[in-house]
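Read through the structure below, which is laid out as structure tokens, and then see the notes.
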Amino acid sequence: MVNVHIHQFGAQNAVVDAEAIRVFQAQWTIYQKLVDNDHLSHRAVGRILKSVLAEHFAEPFAFLDIACGDASLAKTALAGTRVRHYQGIDLAKPALELAARNLADQPYDVDLDHRDFVAAIAGRSEHADAVWCGLSLHHLATDDKLRMFRGIRDAAGGRGVFLIYEPFLEDGEDHDQFLDRTWRAISVWWTSLSPAELDQIWQHIKSCDRPETADTWLSLGREAGFSTATQIFEDPSGLYRMFRYEVHGRP
Ligand SMILES: C[S@@+](CC[C@H](N)C(=O)[O-])C[C@H]1O[C@@H](n2cnc3c(N)ncnc32)[C@H](O)[C@@H]1O
């Protein structure tokens with residue numbers, strides 16, 4: 001693993017959603033089952049991310065993966081692009097160890113930071129050309145999401161692109177209606193989970209998820225200073241959408 005470096009950050013970093021992390025770590029095996037069976041549409045999202053990066057960057061670029069998990073989606077998306085440096089941030093040490101193994105011997109340098117992404121983005125001075133965050137910002141309150149978007153905008157510089165993939169509220173939908181819709185979808189789509197596994201994930205969604213409407217996800221980007229904000233994908237279960245933000249709009 002000559003190209004991979006894991007950095008440990010001190011316990012002084014505040015954790016905004018420590019309960020979500022604890023639950024996620026306990027549920028890593030279940031999450032992997034969802035990914036392996038493509039219930040979260042990781043394959044389609046990886047293909048879209050790859051085509052955006054390939055189209056956007058003719059020159060070598062630095063990629064930041066916020067809440068990288070095991071980095072498997074990014075590894076697929078980055079293959080064949082001009083990426084020169086990968087930085088992943090995650091609070092779950094076992095996930096970073098998997099990421100280190102996944103990214104070993106890739107043709108770019110890899111830094112993996114074991115820390116809270118809120119603290120990492122708030123105190124960030126390094127540049128990143130492309131920033132990606134999958135299924136992780138929705139645990140934050142709206143104000144904290146905006147602070148994250150602003151930090152990411154500052155890090156992204158003049159040719160930056162930022163993409164997210166997150167649950168959303170339908171227009172006019174309240175949180176209880178969101179939960180009803182989510183339960184209906186996951187009980188139909190997440191067929192590879194046992195009833196006990198489905199219930200564990202369901203408890204996590206009920207206690208941790210704070211989705212936004214598409215309009216709010218888009219306006220968070222504009223408010224943070226991105227000049228364009230676009231929805232580019234909705235997964236077939238109707239639970240997740242992908243959004244793209246750019247510093248300068250392209251024709
Ligand atoms: C649902 S997984 C998503 C992983 C990956 N982005 C993907 O799309 O497969 C959420 C990840 O976010 C990490 N995470 C959640 N909150 C975090 C925080 N505040 N700081 C750093 N990592 C966090 C978890 O440890 C976990 O690896």
Side-chain angles (χ1 to χ4, degrees), residues 40-68 73-74 76-78 80-89 117-118 120-122 124-173 210-236 238-251:
L40 305 170
S41 296
H42 272 56
R43 285 181 206 142
V45 169
R47 281 194 297 273
I48 295 167
L49 182 57
K50 184 191 197 67
S51 72
V52 169
L53 296 173
E55 164 241 314
H56 197 86
F57 295 105
E59 301 299 323
F61 65 94
F63 182 85
L64 172 61
D65 191 355
I66 297 173
C68 58
L73 190 153
T76 308
L78 291 171
T81 69
R82 302 294 310 276
V83 62
R84 63 172 176 77
H85 181 257
Y86 171 97
Q87 181 184 14
I89 302 171
F117 60 57
V118 174
I121 296 301
R124 188 178 176 89
S125 53
E126 315 97 285
H127 178 80
D129 302 302
V131 184
W132 160 245
C133 185
L135 298 176
S136 300
L137 290 176
H138 61 276
H139 293 161
L140 302 178
T142 310
D143 284 354
D144 289 324
K145 291 186 185 93
L146 180 58
R147 272 189 277 280
M148 282 291 292
F149 270 72
R150 287 198 168 121
I152 292 161
R153 163 66 190 89
D154 290 346
R159 60 169 186 156
V161 59
F162 171 41
L163 296 108
I164 64 170
Y165 182 53
E166 296 290 350
F168 63 94
L169 291 171
E170 299 275 16
D171 291 339
E173 188 176 57
R210 295 167 164 199
E212 307 287 351
T213 61
D215 277 354
T216 300
W217 281 121
L218 293 169
S219 61
L220 282 167
R222 291 190 206 99
E223 215 176 311
F226 288 95
S227 39
T228 61
T230 327
Q231 181 185 312
I232 55 173
F233 176 70
E234 178 175 323
D235 90 308
L239 288 180
Y240 306 105
R241 288 180 178 172
M242 192 171 181
F243 300 96
R244 169 179 177 164
Y245 309 89
E246 282 182 49
V247 178
H248 293 295
R250 300 193 159 208

Contact summary for Ala74 and Asp65, nearest pair of heavy atoms
CB-OD2, 3.4 Å

Roughly how far, to the nearest 0.5 Å, is CZ of Phe63 from CG of Leu53?
6.0 Å

Any sub-3.5 Å donor-acceptor pair from Lys145's side-chain atoms to Leu140's backbone N or O?
yes

Using only atom types and a distance under 3.5 Å, with no angle test, would you say the side chain of Lys50 pairs donor to acceptor with the backbone of Thr76?
yes

Identify the two heavy atoms, one from Asp129 and one from Pro60, that lie closest to each other, and give their separation to 0.1 Å.
OD2-O, 4.4 Å

Kindly say whether Tyr240 contributes a backbone atom to a donor-acceptor pair with the side chain of Asp235 at under 3.5 angstrom?
yes

Give, for atom CG of Leu73 and atom CH2 of Trp132, the distance between the pair rounded to the nearest 0.5 Å.
5.5 Å

CZ of Phe149 to CD of Glu223, rounded to nearest 0.5 Å, is 10.5 Å

What I want to check is whether the side chains of Thr216 and Thr213 have a donor and an acceptor closer together than 3.5 Å.
yes

Where do Leu218 and Phe243 land on the side-chain contact (heavy atoms from CB on, under 4.5 Å) test, with the steps shown first?
CA-CA 7 Å; Leu218 293 169; Phe243 300 96; 3.6 Å; yes

Tell me if a side-chain donor or acceptor on His127 pairs with a main-chain N or O of Ala62 at a distance below 3.5 Å.
no

Could you list the residues that satisfy salt bridge (Lys or Arg N to Asp or Glu O under 4.0 Å) with Arg153, not counting sequence neighbours?
none

How long is the gap from CZ on Phe226 to CD on Glu246, to the nearest 0.5 Å?
9.5 Å

Could you report the tightest heavy-atom contact between Ile66 and Met148, atom names first, then the distance?
CG2-CE, 4.2 Å

Between Glu55 and Arg82, is there a side-chain N and carboxylate O pair less than 4.0 Å apart?
no

Check: residues 160-170 side-chain donor-acceptor pairs under 3.5 Å, at least two apart:
| from | atom 1 | to | atom 2 | distance (Å) |
| --- | --- | --- | --- | --- |
| Tyr165 | OH | Leu40 | O | 2.8 |
| Glu166 | OE1 | Ser136 | N | 3.4 |
| Glu166 | OE1 | His138 | N | 3.3 |
| Glu166 | OE1 | His138 | ND1 | 2.6 |
| Glu166 | OE2 | Ser136 | N | 3.1 |
| Glu166 | OE2 | Leu137 | N | 2.8 |

Shortest non-hydrogen contact between Ile89 and Ala120, atoms and distance:
CD1-CB, 3.8 Å

Interatomic distance, CZ@Arg150 vs CG@Leu220, rounded to 0.5 Å, equals 9.5 Å

With a 4.5 Å heavy-atom cut-off, do Leu49 and Met242 have their side chains touching?
yes

I want to check something: taking the side chain as every heavy atom from C-beta on, are Phe233 and Val45 in contact at a cut-off of under 4.5 Å?
yes

Residue pair His56 / Phe61, side-chain heavy-atom distance below 4.5 Å:
no

What's the separation between atom CG in Leu64 and atom CD in Glu126, rounded to the nearest 0.5 Å?
8.5 Å

